[in-house]
Amino acid sequence: MPHGLHFTCLLAAGLLAAGVLPAQATSHKWSIVVHGGAGVIERESMPAATEAEYRAAMKTAVETGAAVLEKGGTSLDAVQATIQYLEDNPLFNAGKGAVFTADGRNELDSAIMDGATLNAGSVAQLTRTRHPIAAARAVMEKSPAVMLAGPDADTFAASKGLEQVDNSYFFTERRWQGLIKQLQKEGKPIPPRPAGAPPAPAKPLAMLEPADAHKWGTVGVVALDEAGNIAAGTSTGGLQAKLPGRIGDSPIIGAGTYASNHSCAVSGTGTGEYFIRLTIAREICALVEDKHMKLQAAADEVIHKQLEGIHGDGGIIAIAPDGEAAWSFNTPGMYRARMSQGSQPTIAIYSDEP
Ligand code: ASP
């Protein structure tokens, strides 16, 4: 150990023993950005009560992560805590409230990435783990793998003590009716109501919004902590009526999720196939790192030129280690929120909001 480092360690150990925490070498202003999915979300077709519910949930989400960062917590912890809140909230297409596959099951994908180390973990096709983001984190920290899929991924999560639930835990009437409407429209067979789901309501549920209003609804978080480290995470049920076995961009490192302290952290939402083809998240960070573009300009370039260039739809949130935060999307709306140390949260839904 170099002499100087040895001395620093001794000093730190001495201070800790005395109950004094050494001051941060450098203290960054923390910052966090959250999305709750992009899509055809329009003011005219959004009931006021539904809009209020989404705004309140996005506020709680961003404040959940902010509370972690305000206490000096890591960006990884802030990302995980925020996403777990969103996974538990049935409004969003992640965890409870996820959309269904064409054969009537919930299959969940998630990823997390640490910008400081480039360590990453991801899971695909989970059917039993309550918090897919926690499973992704466990893959990152407790396995030599980056990605696990299928029943073995659930078994791994269970072996690390993560809560397991019946697949019907993720069921919501709203998503089920959304699936049936979409399959009817496409002339496809309707699967049986899942075992363990509550009995069908006597009269159809008053829909929160048109059934196909949110084809997406994935959740994602990017954060910068006081130590200057950035992280990204994403969690989703994927696309409504997806082919069983289909894996989207969210758990693909570089496509729907990416983080590097050398450039930026990104989480995406949209039709995953386009995000995979363009490796959207990594592409934005590459423009920042290699072309020295500002984050917002890089995000707009990739979403409005590259993604639109192949007729893809969706959006991203991003953050850079210098604290610059950005969002960019080419859909009528994206549920989103941001907050920085010392400021109030900003919540937005429609494209005409700042
Ligand atoms: N990107 C997700 C997927 O394709 C869907 C979403 O954003 O809601 O799986």
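The model shown is predicted, which means the values in this text are computed figures rather than measured ones. In listed order, ligands and their atoms are each counted from 1.
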Less than 4.0 Å between a side-chain N and a carboxylate O, is that true for [Y] and [X]?
X	Y	answer
Glu107	Arg105	yes
Glu273	Lys242	no
Arg137	Asp77	yes
Glu87	Lys96	no
Lys305	Asp300	no

Report, in ascending order of atom number, the atoms of ligand 1 lying under 4.0 Å from any heavy atom of [X].
X	result
Thr269	6 (C), 7 (O), 8 (O)
Gly248	9 (O)
Gly217	8 (O)

Check each heavy atom of Met334 against ligand 1 and say whether those closer than 4.0 Å belong to the side chain, the backbone, both or neither.
neither

Parallel under 30°, tilted from 30 to 60°, perpendicular over 60°: which one fits the rings of Phe100 and Trp176?
perpendicular

Between CE on residue Met339 and CD on residue Glu63, distance to nearest 0.5 Å
5.5 Å

Below the 3.5 angstrom mark, is there an N/O of [X], backbone or side chain, next to an N/O of ligand 1?
X	result
Thr218	yes
Thr271	no
Gly272	yes

Test item, Gly270 contacting ligand 1 (heavy atom, 4.0 angstrom):
yes

Quick one: does Lys242 get a heavy atom under 4.0 Å from ligand 1?
no

To atom 3 (C) of ligand 1, the nearest of Thr236, Asp249, Ile247 on a heavy-atom basis is Asp249

